[in-house]
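Everything on this sheet refers to the single structure shown next.
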Amino acid sequence: MTSIARTFALSLGIAATMIFLIMVAIFVSRYPLEEREFRACRVVAAVLDRATEIDGRNLTIRPTSALAELKADSPNLWYVVSAGDMVSEYGSERRPALPFAFPYHGPVGSSVFNTLDQKSTFCLAVAQRGSLQLAMMVGEPQVRFGRMAGNFLVNRIFSIILVALAFAATVAIGSALAARFVSRGIERVALRALAIDPSAPQGLISLSEVPRELKPLVEALNRAFGEIDAYIRMQRRFLGNAAHQLRTPLTLLRAKVEDVSEPALKVELVRDIRRLTSLVSAMLDLARLQNHAIEKRPIDLAQITLDVLADFGPSALDAGIELALEQAEKGPLLVQGVDAAIRSALANLVGNALIHAHGARRIVATLGRDGVSIDDDGAGLPDGAEHKLLEPFQTGNTAGDGAGLGLSIVREIMAAHGGELIISSSPGRGTSMSLRFPVTAAPTISAQLELQTS
């Protein structure tokens with residue numbers, strides 16, 4: 001789409017040019033009428049000047065079409081043309097007594113004078129022809145408006161074009177600057193809107209930063225952001241309150257299940273209560289992450305990863321899966337974060353790999369300068385399933401185990417740390433889940449550690 005400034009400047013430039021030409025047309029149509037005699041004098045002088053030929057000692061008035069038209073329109077026309085001692089005249093029988101004698105010697109130019117009897121006027125025009133002065137005296141001309149306007153335009157065509165271009169350029173530049181001012185105000189509003197955190201849009205755009213014309217738009221945006229923020233806060237409160245209120249009934253229900261005498265039913269009920277309890281705990285963790293800011297400190301990502309893998313060692317041994325930690329350099333890997341939160345995120349990723357990596361024989365935690373990744377050699381995920389797993393209550397386990405909130409919590413943890421969770425998978429080639437930290441919080445020292453369980 002064309003920019004506002006370019007469109008504004010082009011449209012106003014064209015409009016300004018059209019307005020200028022209309023003004024010129026109005027001027028041409030009105031100005032000759034206000035000084036008809038003087039304008040008619042200049043038109044007739046131009047016609048005679050073009051028709052006059054001076055060859056040696058001969059002065060000839062050629063019968064041009066313009067002169068013929070002038071004679072046809074002016075039955076009482078008369079004129080006298082002289083150059084030095086050469087004189088040519090027309091309509092001498094109609095010519096009144098003149099205040100000038102021939103040959104005429106005077107300044108170059110044109111004007112209108114009265115005859116000696118003061119009953120009529122005549123035109124006197126003097127032009128320079130080499131070393132001679134061409135003097136023309138014309139009386140009783142009837143000049144049509146079209147010829148007068150045409151003569152006016154021909155004589156001033158370049159001046160009119162230059163003034164029109166200057167006028168259009170001035171309007172176009174002014175409109176471009178005005179449009180740029182408006183577009184820069186829109187850009188400032190857009191940048192401020194983009195800087196607002198979608199998960200907590202409580203920041204408002206200052207009305208002092210935008211032009212007056214954009215204030216209604218900014219006020220509408222601020223009101224929308226306020227409503228969105230209130231809605232998000234309400235949802236988070238509801239999520240936290242609901243999860244908190246569910247804990248007590250679940251605890252009581254677990255106590256009552258202990259009295260069930262039938263073993264098979266009891267095992268099934270305990271499993272269902274455990275799943276409900278896991279769901280409630282996950283909802284509480286998610287609500288806490290979304291509602292509270294975290295205080296980050298330097299923590300050793302390598303040691304946390306080693307501890308998490310050690311915790312899952314027995315489960316991996318039972319499942320016949322090997323756990324390994326790979327790192328190129330020795331020493332701790334320091335990141336800015338919360339120890340418990342990062343442990344929870346890594347535990348979620350390793351636990352997911354143990355549960356959902358069907359056919360996996362090895363799970364490797366790889367430490368790098370920008371974070372850690374958990375890779376398995378299992379069956380992988382179907383195409384497009386990576387994005388679905390990041391949504392709450394989505395699970396890749398067809399058996400239905402799990403609350404489907406683990407990866408959502410991991411994503412929230414990484415968002416709170418300024419990082420991100422990246423999932424990549426190919427059917428038959430395994431899955432990789434990576435915790436990527438921002439550059440400022442990326443690991444600063446590397447070490448090599450290995451843990452294997454069999």
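All heavy atoms count here, side chains included; hydrogens, waters and symmetry mates do not.
When atom types are taken as modelled, the side chain of R95 and the backbone of G139 share no donor-acceptor pair closer than 3.5 angstrom. Of the possible polar contacts, one joining the D376 side chain to the T431 backbone as a donor-acceptor pair under 3.5 Å is found. Judged by distance alone, with hydrogens and angles left aside, the side-chain atoms of D377 form a donor-acceptor pair with the main-chain N or O of R362 at under 3.5 Å.
When every heavy atom of A45 is checked against every heavy atom of A125, the shortest pair comes out as CB-CB, 3.4 Å. The two residues W78 and R94 make their nearest non-hydrogen contact at CD1-O, 3.9 Å. Residues T52 and L48 come closest through the heavy atom pair OG1-O, 2.6 Å. Closest heavy-atom contact between G337 and I299: O-CG2, 3.9 Å. Contact between R343 and I304 at its shortest, heavy atoms only, is CG-CG2, 3.4 Å. The minimum heavy-atom distance linking L309 with A324 is given by the pair CD1-O, 3.8 Å.
F437 is not listed as a side-chain neighbour of L333, based on a closest heavy-atom distance of 4.5 Å or more. The shortest side-chain heavy-atom distance between M433 and L407 falls under the 4.5 Å cut-off. Put simply, the side chain of N348 does not reach to within 4.5 Å of the side chain of I413, judged on heavy atoms. Contact annotation: the side chain of V410 approaches that of L435 to within less than 4.5 Å [non-hydrogen atoms, C-beta and beyond]. Side-chain contact check for Y90 versus I61: every heavy-atom pair is 4.5 Å or farther apart. Between P141 and V44, some side-chain heavy-atom pair lies under the 4.5 Å cut-off. Side-chain atoms of T64 and R50, non-hydrogen and from C-beta on, never get closer than 4.5 Å to each other. Looking at I342 and H417, their side chains come closer than 4.5 Å, going by heavy atoms from C-beta outward.
Here CG of L132 is found 9.0 Å from CG of L134. Values are rounded to the nearest 0.5 Å. Between the OG1 atom in T121 and the CD atom in E140 there is a gap of 7.0 Å [rounded to 0.5 Å]. Here CD1 of I363 is found 8.0 Å from CD1 of I374. Values are rounded to the nearest 0.5 Å. Taken from CE in M137 to OH in Y79, the straight-line distance is 15.0 Å, to the nearest 0.5 Å. Put simply, OG1 on T305 and CG on L346 are 4.5 Å apart, with the number rounded to the nearest 0.5 Å. One finds the OG atom of S424 at 7.5 Å from the CG atom of D375 (value rounded to the nearest 0.5 Å).
Comment: D339 does not engage R297 in a salt bridge, judged by the lack of any side-chain N to carboxylate O separation of less than 4.0 angstrom.
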Inset, instruction - Could you please spell out the steps behind the side-chain contact (heavy atoms from CB on, under 4.5 Å) verdict for L67 and R62? - result: CA-CA 8 Å; L67 183 58; R62 294 184 298 106; over 6 Å; no
Inset, instruction - Would you please test L59 and V87 for side-chain contact (heavy atoms from CB on, under 4.5 Å) and show each step? - result: CA-CA 7 Å; L59 186 151; V87 179; over 6 Å; no
Inset, instruction - Test T60 against D55 for side-chain contact (heavy atoms from CB on, under 4.5 Å), laying out the working first. - result: CA-CA 8 Å; T60 306; D55 183 12; over 6 Å; no
Legend entry - L349/L421 under side-chain contact (heavy atoms from CB on, under 4.5 Å): CA gap, chis, key distance, verdict: CA-CA 10 Å; L349 296 188; L421 167 64; 4.1 Å; yes
Which pairs of donor and acceptor atoms, one on a side chain in residues 106-115, lie under 3.5 Å apart (sequence neighbours left out)?
{"from": "N114", "atom 1": "ND2", "to": "Q118", "atom 2": "OE1", "distance (Å)": "3.4"}
{"from": "T115", "atom 1": "OG1", "to": "D117", "atom 2": "OD1", "distance (Å)": "2.4"}
{"from": "T115", "atom 1": "OG1", "to": "S120", "atom 2": "O", "distance (Å)": "3.2"}
{"from": "T115", "atom 1": "OG1", "to": "S120", "atom 2": "OG", "distance (Å)": "3.4"}

